[in-house]
J.: 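Let me give you the structure first, and then I'll get to my questions.
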Amino acid sequence: MRGLFILLFTTALLLQSHGQLYPDSERNVDTRITDLISQMTLQEKIGQMTQAERGSVEASGLWDIKNYFLGSVLSGGGSVPSPNTAESWVAIYNNMQEKALSTRLAIPIIYGIDAVHGHNNLYGAVIFPHNIGLGCTRNPGLVNTCAEITALEVRATGLNWTFSPCIAVPQNEFWGRTYEGFGESPGLVDSMCVAAISGYQGDDLSTDNTILACAKHFAGDGGTMNGIDQGNTILPEDSLRVIHLPPYFSAVDAGVGSVMISFSSWNNVKCHANSALINGMLKDEMGFEGIVLSDWKGIDQLNGDFKAAIKTAINAGIDMAMQPDNYIQFIDFLTQLVNEGEVSTERIDDAVARILEAKIQLGLFENPYADLALVDTVGCPTHRAVAQKAVRESLVLLKNDGILPLSKVNGDILVAGAKANDIGAMCGGWTISWQGGLGAITEGTTILEGITNAVGNERVVFTGNPNQVPDADYAVVVVGENPYAEGSGDIFGTGGSGFILSDEDKLMIEAVKDAGIPMVVILLSGRPLDIRDELVDANAFIAAWLPGTEGGPGIADVIFGDYLPTGKLSHTWPESFNDVPINIFRNNAGKEALFPYGYGLSFPTSVDGELANNMDLAVFPNPVNDYLVIRSESIKDATITITDLLGKPVIRKQENLSNRIIIHVGHLRAGIYILTVDNNGSRINKRIVKR
Ligand code: BGC
Ligand code: BGC
């Protein structure tokens, strides 16, 4: 390693002593770029425009990096070194960089990866909730911090480019990539994407905790007909501008370093071929000066043979081509096209300038190699604490009859459902592997462990089997989708079966209900599903999305009342398969939402203090019915009245349960009310404030 540095240093000195400007960090960026381009051969330039996959370049013993002057390497989903540790990543990155620096002009590579919810291909990295959940937090500051942490963990492994944030504005939950977007509203996506970009890139890309971001997938990926992945977005231009483009204007303003083109089509034209979209809107109108990257063999999908497709794509404004395994063919054809005058040298120079600028900004000419200085930060407790906060803020409470918050000190808790003890189920797709997977795929804390950590082993029983349901005072039943990524998560074409819970999940809920145990249902999913039956059976229902490795503690924080639920839906929640799509940007004629966009309950105790030491009291605002819960064994038979300040009673219904009394008060107007509890002659008066 040391020898390598000395070699490099002398190369740099040599270059400078021959009057080279581009290695000189004192020079301004444009001077360096112009100087470098003026010395590059066509072969070297086209190499810069080419991105190959880790597996393929490793198969060449890394020599393709040197022989073809490759500008970039990527890891596809699950494309990892063995063993999958930060140390091995640093080693492969440095080995690749060494090959790149051994070329005539010693231009470093940039290494890109889908770090879309944490550095998710790396074992042991912290995994944040997928974007659909982050959207529910309505907290851009938190999204910014999550992105900063991701940048740090990515840099810790040497890599310098993430294919994130996905700034899709998904309009149809059948789409298997719904969870990759922050939500169905362009305004929400807009604020979150700016926060994410500034978290990844910081103010200075050359520092060791920042990476290049990539806004994707341009444009209209979330608008395809029937939510079909890579499908066709049929929309007039003004609708595209209103729904799908706003986040791109903001991302460009925020200085995003790269933009990935969408596999999908807009009005039957593949985005990868659409010059009006890329050259016209993105580069000319929005003024984007960074790298336009094609998606995984996206160019190969265009009309005509591969050579014709390359001509179309590069002339449409694509600067770097993601050609995981057929990069040599790409290089050959693009070289021919330039020699034949089908692609201009100006177009090539423009593309190369954009790529070199990113490399200069990343400080790679000065600091091309990674070291192990940051590896201890990967998955560290501080990072996990932020992920836990992101989980609890992303949870959306859809129903609560007063069972929540659960008592931390009383009652036995049954945790039911295999997904309650499954890290992979909490992480979803794009985690360790492309599609994600069930089981202990990486380090984290399951929901079962989160609950056990909160209340102790003695009070918790677990079952994954609906035929064996141990008795308990409460149940937390965890259900949801199995992990998926991209098109394999599409629901259109499943005839609706993908939009309801599995038989296994339904059986588990039924079994708990039949056992007469009051239950909280936690849904792990990448989107809203048809949960009408489950809502009836559940005493409380939480949409937990795909919370990541800290799902367990984040969920425990809320169900035991240490934190109030604050999450608000980032999607309109459809009633059923037949109601999709339904959202704020449509004429939803005749369709009913189960829950509107922005819905989310809480349990704010708008009560001025404790009723008595042995009594908890909470008012639950609910759009339909406010209610009040009084927990105490000792007041089981008490007479309770609530009146307004003029003495008019407001109670509609009172339910006396074994360990709590639920009082339904209808829709309480904001104001002050008096609660009176008459308990065998002792009378307590209390003021209740509805804010
Ligand atoms: C996806 C992109 C991803 C790329 C690299 C493609 O299939 O559409 O979002 O960045 O693969 O893994
Ligand atoms: C890769 C993904 C990529 C996908 C495209 C997979 O093999 O792992 O990163 O997005 O192919 O189809």
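Below, each value reflects all heavy atoms present in this structure, side chains not excepted, and no hydrogens, waters or symmetry copies. Along the sequence shown, residues are numbered consecutively beginning with 1. First listed ligand is number 1; within each ligand, the first listed atom is number 1.
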J.: Answer yes or no on whether R155 is positioned over the face of Y93, meaning its NZ or CZ is under 6.0 Å from the six-membered ring centre and within 45° of the axis.
T.: no
J.: Check each atom of ligand 1 against the heavy atoms of R177 and keep those under 4.0 Å away; list them by number with element.
T.: 1 (C), 2 (C), 8 (O), 9 (O)
J.: Do you see a donor-acceptor pair shorter than 3.5 Å between the side chains of E486 and W434?
T.: yes
J.: Taking only heavy atoms of H217 into account, list the atoms of ligand 1 that are under 4.0 Å away from them.
T.: 2 (C), 8 (O), 9 (O)
J.: Does anything in residues 123-148 form a ring pair (Phe, Tyr, Trp, His ring centres under 6.0 Å)? List the pairs, not counting sequence neighbours.
T.: H117-H130, H130-Y179
J.: Any heavy atom of E180 closer to ligand 1 than 4.0 angstrom?
T.: no
J.: Consider only side-chain N and O atoms of E173 and H571, and report whether a donor and an acceptor are under 3.5 Å apart.
T.: yes
J.: So if I count the atoms of ligand 1 from 1 in the order they appear, which ones are less than 4.0 Å from some heavy atom of M260?
T.: 2 (C), 10 (O)
J.: Within a reach of under 6.0 Å around CG of N303, are more than 12 heavy atoms found that belong to other residues, nucleotides or ligands?
T.: no
J.: Please confirm whether the backbone N or O of G257 pairs with a side-chain atom of Q201, one donor and one acceptor, at under 3.5 Å?
T.: yes
J.: Does any donor atom in the side chain of N482 or K419 lie under 3.5 Å from an acceptor atom in the other side chain?
T.: yes
J.: Give me the pairs of N or O atoms, one from ligand 2 and one from the protein, that sit under 3.5 Å apart.
T.:
unit_1: ligand 2; atom_1: 8 (O); unit_2: G77; atom_2: N; d: 3.1
unit_1: ligand 2; atom_1: 8 (O); unit_2: G77; atom_2: O; d: 2.9
unit_1: ligand 2; atom_1: 9 (O); unit_2: G77; atom_2: N; d: 2.6
unit_1: ligand 2; atom_1: 10 (O); unit_2: E486; atom_2: OE2; d: 3.0

J.: Above 12 or not: heavy atoms from other molecules or residues under 6.0 Å from CZ of F263?
T.: yes
J.: Would you mind listing which atoms of ligand 1 come within a distance below 4.0 Å of any non-hydrogen atom of K216?
T.: 2 (C), 3 (C), 9 (O), 10 (O)
